[in-house]
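Everything below concerns the one structure shown next.
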Amino acid sequence: MKILVLYYSFTGNNKYLANKIAKKLNADLSCIEPRFNVLPFLILSSMTKISFGIKPIKNQIAQYDAVVVCGPIWAGQLISPVYNFIKKYKKDIQMLHFATSCGSTDEIKETRFGYAKSFKYIQKLIGNKCGVREAFPITLVVPEDKKKNDEAVMKTRLSDENFKGDIELRLEHFTQKVIQDTCNK
Ligand SMILES: Cc1cc2nc3c(=O)[nH]c(=O)nc-3n(C[C@H](O)[C@H](O)[C@H](O)COP(=O)(O)O)c2cc1C
């Protein structure tokens, strides 16, 4: 089984997560590069879905049994580099799984800034090629006394020191499900 892990990351969390997933799945790893990597522009293009696109992906997407995409949630939206990747390579993608290191927790996933809306949007974009979608909220690695401190949560970066316990377990379940679903497709 051939799997490609692709990521877009502005501050490093999704890059870290993508590396972890690629290692577990023994997959190839590459990044999605927007033509303009400027934060306000990317937020605006994520909200309006108007964008200047992404640079071509060097891997041959059609050769992979599945692609796992990692990227953050911004302003409750699926970010434009991920959206653009799906739109551009939809025909070549055999199966798409999605993982996000995001700020929203499981408890607020259905709210305005929660991750659930992005999961539904991916399903809409890719249809029956949609595989596993999983969130890895930053709060899973934030100490109990700082979980309600938004600034501390936003400043937290995934690392070998904090990627332990519940988040590690979630990664284990995610990668197992990716393998199962890709085999059963
Ligand atoms: C401008 C901005 C807006 C964000 N909005 C949301 C949001 O609406 N929902 C959410 O779950 N996380 C939100 N976040 C948190 C990011 O998803 C989170 O910090 C993520 O881990 C960053 O990933 P990266 O380091 O790979 O860029 C936001 C972060 C930024 C910088």
Side-chain angles (χ1 to χ4, degrees), residues 4-25 27 29-52 54-55 57 67-86 96-125 132-143 146-171 174-175:
L4 172 66
V5 178
L6 280 175
Y7 66 87
Y8 172 77
S9 183
F10 198 79
T11 55
N13 285 338
N14 282 280
K15 181 178 180 181
Y16 181 91
L17 181 64
N19 267 282
K20 281 277 194 194
I21 293 170
K23 264 195 198 138
K24 282 247 174 220
L25 295 173
L29 178 70
S30 201
C31 69
I32 301 171
E33 291 180 83
R35 291 201 185 277
F36 298 101
N37 200 24
V38 181
L39 188 67
F41 170 77
L42 286 170
I43 294 172
L44 198 67
S45 65
S46 300
M47 296 184 81
T48 59
K49 303 287 179 277
I50 299 167
S51 131
F52 288 102
I54 55 168
K55 295 180 186 170
I57 305 287
V67 179
V68 181
V69 178
C70 299
I73 308 292
W74 285 349
Q77 303 292 323
L78 179 67
I79 54 158
S80 60
V82 171
Y83 166 78
N84 280 300
F85 165 74
I86 299 174
L96 185 116
H97 307 285
F98 179 68
T100 179
S101 160
C102 58
S104 51
T105 60
D106 300 336
E107 290 72 30
I108 63 149
K109 68 179 179 182
E110 299 288 350
T111 64
R112 189 174 169 200
F113 297 111
Y115 61 77
K117 194 167 31 163
S118 297
F119 285 11
K120 287 174 198 150
Y121 194 57
I122 288 173
Q123 168 96 62
K124 197 175 143 197
L125 284 174
V132 190
R133 290 152 295 162
E134 185 58 279
F136 296 82
I138 285 293
T139 47
L140 290 176
V141 305
V142 173
K146 294 205 172 120
K147 281 191 197 297
K148 294 221 155 38
N149 179 340
D150 287 347
E151 204 189 332
V153 171
M154 289 298 275
K155 280 188 176 161
T156 302
R157 299 287 169 262
L158 295 179
S159 69
D160 292 348
E161 280 68 48
N162 63 23
F163 202 92
K164 293 185 172 115
D166 287 348
I167 198 162
E168 218 174 9
L169 210 61
R170 199 172 284 212
L171 178 72
F174 173 74
T175 49

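Quick note: numbers below take in every heavy atom, side chains included, and nothing from hydrogens, waters or symmetry partners. In each ligand, atom 1 is the first atom listed, and ligand 1 is the first ligand listed.
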Worksheet item: Under 4.0 Å from any heavy atom of G76, which atoms of ligand 1 are there?
Response: 7 (C), 8 (O)
Practice prompt. Using a strict 4.0 Å cut-off to heavy atoms of P72, name the atoms of ligand 1 that fall inside it.
Written response: 17 (O), 20 (C), 22 (C), 23 (O), 27 (O)
Fill in: F113 neighbourhood, listing ligand 1 atoms whose heavy-atom distance to it stays under 4.0 Å
7 (C), 8 (O), 9 (N), 10 (C), 11 (O)
Worksheet, complete the sentence: Nearest heavy-atom approach of S80 to S45 is OG-OG, 2.9 Å
Worksheet item: Quick one: nearest non-hydrogen protein atom to atom 29 (C) of ligand 1, plus distance?
Response: M154 CE, 3.4 Å
Discussion item. Counting the benzene-type ring for Trp, do F52 and F41 have ring centres under 6.0 Å apart?
Written reply: yes
Practice prompt. Could you walk me through whether Y121 and V82 pass side-chain contact (heavy atoms from CB on, under 4.5 Å), step by step?
Written response: CA-CA 11 Å; Y121 194 57; V82 171; over 6 Å; no
Worksheet, complete the sentence: Output for pair (K117 NZ, L78 CG), nearest 0.5 Å, gives 10.5 Å
Worksheet, complete the sentence: Near N14 (heavy-atom distance under 4.0 Å), the atoms of ligand 1 are 23 (O), 24 (P), 26 (O)
Item to complete: Out of S104, A75, G71, indicate the one that has the non-hydrogen atom closest to atom 5 (N) of ligand 1.
Response: A75
Worksheet item: With atoms numbered from 1 as shown, which atoms in ligand 1 lie under 4.0 angstrom from a non-hydrogen atom of F10?
Response: 24 (P), 26 (O), 27 (O)
Worksheet item: Out of curiosity, L17 CG to E134 CD, how far, rounded to the nearest 0.5 Å?
Response: 10.0 Å
Practice prompt. Starting from atom 26 (O) of ligand 1, find the nearest protein heavy-atom neighbour and note its residue, name and distance.
Written response: S9 OG, 2.6 Å
Response to the item:
Nearest non-hydrogen protein atom to atom 25 (O) of ligand 1, with distance, is T11 OG1, 2.4 Å
Worksheet item: Hey, does T100 have a side-chain heavy atom less than 4.5 Å from the side chain of F119?
Response: yes
Fill in: SG-NZ distance between C31 and K55, expressed to the nearest 0.5 angstrom
9.0 Å
Worksheet item: In the protein, what heavy atom is nearest to atom 13 (C) of ligand 1, and what distance, to one decimal place, separates them?
Response: I73 O, 2.9 Å
Worksheet item: Any N or O on G114 sitting closer than 3.5 Å to an N or O of ligand 1?
Response: no
Item to complete: Using non-hydrogen atoms of the residue, decide whether W74 is closer than 4.0 angstrom to ligand 1.
Response: yes
Response to the item:
The protein heavy atom nearest to atom 12 (N) of ligand 1 is G103 N, 3.0 Å
Worksheet, complete the sentence: For atom 20 (C) of ligand 1, the closest protein heavy atom turns out to be S101 O, 3.0 Å
Discussion item. Against the six-membered ring of F174, is K24 placed for a cation-pi contact (under 6.0 Å from the centre, within 45° of the normal)?
Written reply: no
Discussion item. Please determine whether the number of non-hydrogen atoms from other residues, nucleotides or ligands lying under 6.0 Å from atom CG of N149 exceeds 12.
Written reply: yes
Worksheet entry | Shortest protein heavy-atom distance from atom 1 (C) of ligand 1, along with the residue and atom involved | I43 CD1, 3.5 Å
